[in-house]
Structure formats: C-alpha cells, structure tokens
2 protein chains.
Amino acid sequence: MSEPVLAVDPLSSLPGYALRRAANAMMAELGARLAPLDLRISDASVLLLIAGRDDMTSSEIGKVLDIQRANMVPLLGRLDAAGLIRRVPIDRKSQAIVLTGAGERRLAEVRAITGRFEEDLMARIPAPHRPHFVPALQALVG
Amino acid sequence: MSEPVLAVDPLSSLPGYALRRAANAMMAELGARLAPLDLRISDASVLLLIAGRDDMTSSEIGKVLDIQRANMVPLLGRLDAAGLIRRVPIDRKSQAIVLTGAGERRLAEVRAITGRFEEDLMARIPAPHRPHFVPALQALVG
DNA sequence: ATACGATTGCTATAGTCAATAGCTTTCCTG
DNA sequence: CAGGAAAGCTATTGACTATAGCAATCGTAT
C-alpha cells in the first residue's frame, strides 16, 4: 500500500546518469519542436551559428560545434538542398557558408522555437537551482 | 589585439546547447573508461540496476532505463554471451535477468570505474554550483 | 621561388544507438 | 473461457558518429 508505484530508479542520483537522462529527454523534446521546420538539431545549430556572418568555413563550423569535417558534408548538403545556405568562395580552397534569404527566414523560425524551448527548460528547474545550471554545465566541457 | 583568439561559441550560454555538449563530453569520457571492461554505458547501467535483485525482467529494466523492449534484446544478448547475466524463468512468459558470478565480479569493476567517474565529474564543477547540479537535472526528466 | 607540411572539402565505409512495426506465446481478468 | 494486455523477439530503418583516405590548394621557411 505504501510501496512506491514503481521502485525509484536507483541510478538517478548519480550525476553522470542524471546528465545523460536529462540530455536525452531535452534533445528529444527539442527535436520534436524543430521537426515542423524540417530541421534537425545540428541543422538549427549551424543556422544559429552562422547568423550575421559571411566568413565561416565548413571546417570552422565543425570545430565550434564539435562536428567532424566528414560529417559536415551531408549536413551542409541538406541545408544547401533546402536552399537555406550558399557556398561563397573565399579562395580556391575555402568557401564561406552563408545564409540565403530563405535561410534568414527559416532562422527566424528557429529562434522563435529555440527561445521558447530554452525558456521552458529553465522553467522546469526549481528557482534556487536555476542560476547554477548553465555554469555547471559549462565547467564540464572545458 | 584585444580580439578573442577564437570567437567564443555564441551558443554555449544556451541551456539546451550547454546540456547537449556537456552530456556528449561526459558520456564520451565514461565510454572510454568503461571500454577496458568491454562494456558500453548501457551495459554497465543494466549491471548496476540488477545488482542484488533476482526479479527484474527485461521489460522492467527497459522501463527504468528508458530502453525500448526491442533494443533490450541485443543488449542482453551481449551480456549473456559474455556470461555476465543469466535468464531465470519466472513463468512461461517472463524471465528474470540475474547476475552470474562473473557478472558480480564485473560489476565490482564497474562500480570502481563509475564511482571514480562520478567523483571526477563533480570535482570539475565549481563548489558553489555543485549541490544544485543533480537536483536540476532530475527536475528535467520528470 | 619553391619544396613541403598543413589544411580544405570531399568520398566511402562502418559502427553505435534509437525508433517503428509486427509477430507469437503467455498471462490476467471479467 | 474469451479478449485484451504484456512479454520477448525479429526485422528494418534512420540519425549520428568515427575512421581512413584522396586531390587540390594554401602558407611558410628556406
């Protein structure tokens, strides 16, 4: 009668496990919200990153977002095929990835969705913990 | 002269993005530490979960760990093939997944590694943020 | 100026992981 | 004891990551 409905996950208090679970849950949520825009999370990240810039190469984007050069190819291929980006030659070796007009418009939709998402995410965290969340995460990547 | 060496990732202050990055980095780290045991993170999670129990079915493990029934099959198949678990019939439909002797011994190694990992993870977070970390993450999964 | 190492963008491939649909057998309940 | 739910499984797909390798170009240090 007083038994828990389901035994509480004994792993959920482990920081590593909690981190994995939370990230999985939130990324599934974000992915679902971006789906109507026909964009994956990585796609949206690229749009957000190159906004207002005309000098970022594929390699540079990959370095910042932790995506390998080889894996940037199909990603940018999708964005290009969707008409959201354009490749502008810098020299005969490098090319800048820049937003097209359609890319700018799609970016505005991305901003609306991700902005809402970030708000909702933070809102789920009890207020006392809230200001510590991003700093703690940032300390882990360094 | 005062320009940053590399433009700081403008996305890193977004909670969702920071969460994703931190989780990726930490899981890559944990995966590397578990590799010598020939276990993946999910494998180790299962061992930790069924420790000291003899009544958990594949479906129950999946519910707790957020792994679908279909995906539990190859996972348990690996653990079985490695001799770490045994399937004990509960009735003609269900079977309990229990640790073998080898499973118990492997689990001890897992505990040593994950314990160390959790310590190192928390140590990277500045002390003031530390007590807020797990509670904040737990609030996100509910 | 030029030779050499590094970088860019790319192909091709393989592995991990999660998600879906569907099947059979067994269990449980009305 | 009939019908729905659950267990365990097969099969397949897609997203994402990782590795190796290649040709062309760039930058630099002689």
Side-chain angles (χ1 to χ4, degrees), chain A residues 6 17 20-35 37-46 50 55-82 85-98, chain B residues 6 17 20-21 23-32 34-35 37-46 50 55-81 85-98 141:
Chain A
L6 198 73
Y17 185 73
R20 188 162 95 117
R21 284 285 290 259
N24 285 348
M26 290 301 99
M27 290 310 107
E29 167 80 18
L30 178 56
R33 294 198 193 191
L34 287 173
L37 299 190
D38 260 310
L39 293 175
R40 304 175 191 175
I41 295 178
S42 300
D43 298 342
S45 304
V46 168
I50 66 176
D55 59 342
M56 294 207 76
T57 65
S58 169
S59 295
E60 285 168 352
I61 296 170
K63 282 192 193 88
V64 175
L65 297 183
D66 252 340
I67 303 174
Q68 308 206 14
R69 262 177 312 147
N71 295 327
M72 288 296 299
V73 178
L75 198 169
L76 294 180
R78 275 197 307 277
L79 296 178
D80 196 349
I85 62 162
R86 200 164 16 104
R87 299 166 205 247
V88 177
I90 294 177
D91 54 32
R92 267 176 301 184
K93 185 169 72 165
S94 305
Q95 43 194 326
I97 309 297
V98 301
Chain B
L6 197 74
Y17 184 74
R20 188 162 95 118
R21 285 286 291 256
N24 284 349
M26 290 300 98
M27 289 310 108
E29 167 80 17
L30 178 56
L34 286 174
L37 299 190
D38 261 310
L39 293 175
R40 304 177 190 172
I41 295 177
S42 301
D43 298 341
S45 304
V46 169
I50 67 177
D55 59 343
M56 293 208 75
T57 65
S58 169
S59 295
E60 285 169 353
I61 296 170
K63 282 194 194 88
V64 175
L65 297 183
D66 252 339
I67 303 174
Q68 309 206 13
R69 262 177 314 146
N71 295 327
M72 288 296 299
V73 179
L75 199 169
L76 293 180
R78 276 198 307 276
L79 295 179
D80 197 348
I85 62 162
R86 200 163 18 103
R87 298 166 206 249
V88 177
I90 294 179
D91 54 32
R92 266 177 302 183
K93 184 169 72 167
S94 305
Q95 41 194 324
I97 309 297
V98 301
V141 307

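All values derive from a computational prediction rather than experimental measurement. A, B, ... follow the sequence lines: proteins, then strands. Residue 1 opens every chain.
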Min side-chain heavy-atom separation Thr57(B)-Ile90(B) under 4.5 Å = yes
Rounded to whole Å, CG of Asp43(A) lies from P of dA15(D) at a distance of 10 Å
Can you tell if the side chain of Glu60(B) reaches within under 4.5 Å of the side chain of Ser94(B), non-hydrogen atoms only?
-> no
State, with a plain yes or no, whether a side-chain heavy atom of Arg87(A) is found less than 4.5 Å away from one of Ile97(A).
-> yes
Tell me: CG of Leu34(A) to C1' of dA15(D), nearest whole Å?
-> 14 Å
Kindly point out which of dT16(C), dA21(C), dG8(D) is positioned nearest to the side chain of Thr57(B)?
-> dG8(D)
May I have the distance from Glu29(A) (atom CD) to dA19(C) (atom P), rounded to whole angstrom?
-> 14 Å
Quick note, Lys93(A) side chain, CB onward, closest among dG9(C), dA6(C), dC9(D) is dA6(C)
With respect to the phosphate group of dT17(D), does any side-chain polar atom (N or O) of Gln68(A) fall under 4.0 Å of OP1 or OP2?
-> no
Quick one: Ile41(B) CD1 to dG15(C) P, roughly how many Å, whole number?
-> 19 Å
From CD of Glu60(A) across to P of dT8(C) the rounded distance in Å is 7 Å
Are Arg69(B) and dC23(C) close enough that a side-chain N or O sits under 4.0 Å from OP1 or OP2?
-> no
note: Met72(A), atom CE; dA12(C), atom C1'; distance rounded to Å ~ 19 Å
Would you say dA6(D) has OP1 or OP2 under 4.0 Å from some side-chain N or O of Lys63(B)?
-> no
According to a strict under-4.0 Å criterion, is Ser59(B) in side-chain N/O contact with OP1 or OP2 of dG8(D)?
-> yes
Could you give the CG-to-P distance, from Asp66(B) to dC17(C), as a whole number of Å?
-> 16 Å
Toward the 5' end of DNA chain C, which comes first, Arg87(A) or Ala28(A), by nearest nucleotide?
-> Arg87(A)
Please tell me if the side chains of Asp43(B) and Leu75(B) come closer than 4.5 Å, counting only heavy atoms from C-beta onward.
-> yes
Specify the residue among Ser94(B) and Asn24(B) whose closest nucleotide of DNA chain D lies further upstream toward the 5′ end.
-> Ser94(B)
Run the numbers on Ile41(A) and Tyr17(B) for side-chain contact (heavy atoms from CB on, under 4.5 Å), then give the verdict.
-> CA-CA 10 Å; Ile41(A) 295 178; Tyr17(B) 184 74; over 6 Å; no
Closest to the Arg92(A) side chain, choosing from dG9(C), dT25(D), dC9(D) | dT25(D)
Nearest whole angstrom, please: distance from the C1' of dT26(C) to the CD of Gln95(B).
-> 12 Å
